[in-house]
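I have placed the structure first, in the form of structure tokens, so that the comments after it can refer back to it.
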There are 2 protein chains.
Amino acid sequence: MFSIVENVRSQCKYNGWMHISEVRERIVATADELYNAKGIQAVGMDELRTAAGVSLKKLYAEFPSKSSIVMAVLEHRHKSWTEGLDATVQQAGAPRERLLAIFDYLAGWFCQDSFRGCGFINSFAELGAISPDVAEYARQHKESFQEYVARLAGEAGAPGFLAPQLAILAEGAQTTAAIAGTSDAAGQARQAAEVLIDAALTAD
Amino acid sequence: MFSIVENVRSQCKYNGWMHISEVRERIVATADELYNAKGIQAVGMDELRTAAGVSLKKLYAEFPSKSSIVMAVLEHRHKSWTEGLDATVQQAGAPRERLLAIFDYLAGWFCQDSFRGCGFINSFAELGAISPDVAEYARQHKESFQEYVARLAGEAGAPGFLAPQLAILAEGAQTTAAIAGTSDAAGQARQAAEVLIDAALTAD
DNA sequence: ACAGGAAGAGAACGTACGTTCTCCGTTCAC
DNA sequence: GTGAACGGAGAACGTACGTTCTCTTCCTGT
């Protein structure tokens with residue numbers, strides 16, 4: 001299922017003036033924005049077509065169905081979220097600061113006008129019950145985040161129970177910030193994370 | 001907007017064999033289950049009508065539109081969630097245990113087969129962008145939870161920063177448990193809450 | 001008994017949307 | 001220059017769904 005994008009991307013060739021993968025990426029980026037802003041089910045193929053500046057024929061030449069676009073958007077979200085988070089984490093120095101950098105990344109994200117909550121939580125809420133693929137992708141994304149935090153926590157020398165605690169804080173900050181419409185939760189979660197990290201490090 | 005239910009409820013009268021409010025409550029309870037299990041947009045009025053054993057005419061006699069049913073379901077969810085939480089909290093003794101009882105309530109909830117995440121987070125994700133009423137109701141629900149935790153934290157003598165931290169933990173546990181499909185997050189959040197509570201109480 | 005009205009079942013209507021098809025203009029190879 | 005392939009615009013099709021309408025049945029009050 002997730003290999004479709006790579007298969008098609010490997011068949012890229014010139015079609016006169018634009019690389020096929022660029023059309024795909026423009027469609028996916030546009031769909032990501034629209035789905036984030038209005039919800040997946042609220043955005044029709046015609047609206048996406050207009051916003052992306054692509055003909056319906058090209059849309060369906062690139063993707064066999066709307067659900068395949070949704071899955072491509074989830075891949076896109078996972079990639080940009082993971083890369084953005086890691087970039088912020090890498091800028092921090094000591095292992096303890098790298099754990100806290102997670103919440104700095106959240107703070108910057110929450111302040112963006114386009115922030116409307118975690119796209120995986122949202123897509124899971126909207127489609128998880130009727131689309132096993134969406135539910136499974138959301139689960140994998142969250143699992144990979146858990147593993148990422150666990151790696152950072154391990155590098156800080158923390159016991160195993162710390163990482164799930166910090167991950168839960170991060171998840172809670174995302175939903176709290178989205179629904180409340182403020183970015184306060186990032187700072188509150190960061191302060192809680194400091195307490196949990198210090199307690200875990202001294203207990204070890 | 002939120003007073004519609006009360007207005008109609010006050011006009012209750014006998015219609016031969018069943019109180020009108022009982023029909024309303026059956027519709028709302030059925031809608032709550034279906035919306036929770038499959039998502040709001042995935043459940044049509046006909047499916048709701050069949051599941052509730054009510055004619056379409058009666059459905060539209062009780063509610064002017066689907067969106068009014070959604071709002072009634074949100075009121076119903078808020079009431080049962082708040083009452084269930086408070087019942088668990090009241091069973092605990094000391095103020096510190098009452099704060100931790102929040103996570104015991106979550107643990108019991110997560111273990112239910114019907115658990116599919118917080119209904120307010122889900123409805124916000126699904127409809128918040130296109131329905132200001134839904135977004136606002138979700139915000140109010142989360143705000144009331146924040147105030148509830150703040151009251152419990154105040155009774156425990158904790159400083160003001162503790163309550164938002166515990167609320168974020170609770171929110172994160174809900175989404176983590178929903179997407180992961182396990183109930184582990186409740187215990188992990190509870191242990192984190194213990195650390196945060198003790199740190200806040202000794203720092204005070 | 002009979003007129004009148006309430007209520008159920010489901011047909012009907014309008015709309016939205018995912019997907020496919022058709023038509024027409026453009027381009028490119030020869 | 002000409003024909004054939006390609007691509008864009010949007011019409012068309014089938015389906016689903018929210019909402020309303022119609023018909024029939026059954027109960028009620030006198």
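As a basis for the values below, the full set of heavy atoms in this structure was taken, side chains included, without hydrogen atoms, waters or symmetry mates. Remember, it's a predicted structure, so these values are computed and weren't measured experimentally. Just so we're on the same page: letters track the sequence lines, and every chain starts at 1.
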For the pair made of CG in Leu59(A) and P in dG10(D), what is the distance, rounded to whole Å?
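The answer, rounded to whole Å, is 15 Å.
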Spell out protein contact along nucleotides 12-21 of chain D as letters: B when the base is contacted, S when just the sugar-phosphate is, - when no protein heavy atom is under 4.0 Å; keep the 5' to 3' order.
------SBB-
Please list, chain by chain and in numerical order, all residues satisfying salt bridge (charged side-chain N to carboxylate O under 4.0 Å, His left out) with Asp46(B), sequence neighbours excluded.
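In terms of salt bridge (charged side-chain N to carboxylate O under 4.0 Å, His left out), with neighbours along the sequence ignored, Asp46(B) is linked to Arg49(B).
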Suppose we screen for salt bridge (charged side-chain N to carboxylate O under 4.0 Å, His left out). Which residues come up paired with Glu97(B), at least two apart in sequence or across chains?
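Scan of Glu97(B) (salt bridge (charged side-chain N to carboxylate O under 4.0 Å, His left out), adjacent residues dropped) gives none.
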Considering only residues two or more places apart or on different chains, which pairs with a residue in residues 145-199 of chain B satisfy ring pair (Phe, Tyr, Trp, His ring centres under 6.0 Å)?
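Sorted pair list: Trp81(B)-Phe145(B).
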By ring-ring contact (aromatic ring centres under 6.0 Å, His included) - contacts of His78(A) (at least two apart)
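Expected list: His141(A).
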Side chain to side chain donor-acceptor pair (under 3.5 Å) pairs, two or more places apart, involving residues 105-129 of chain B
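Sorted result for residues 105-129 of chain B: empty, none.
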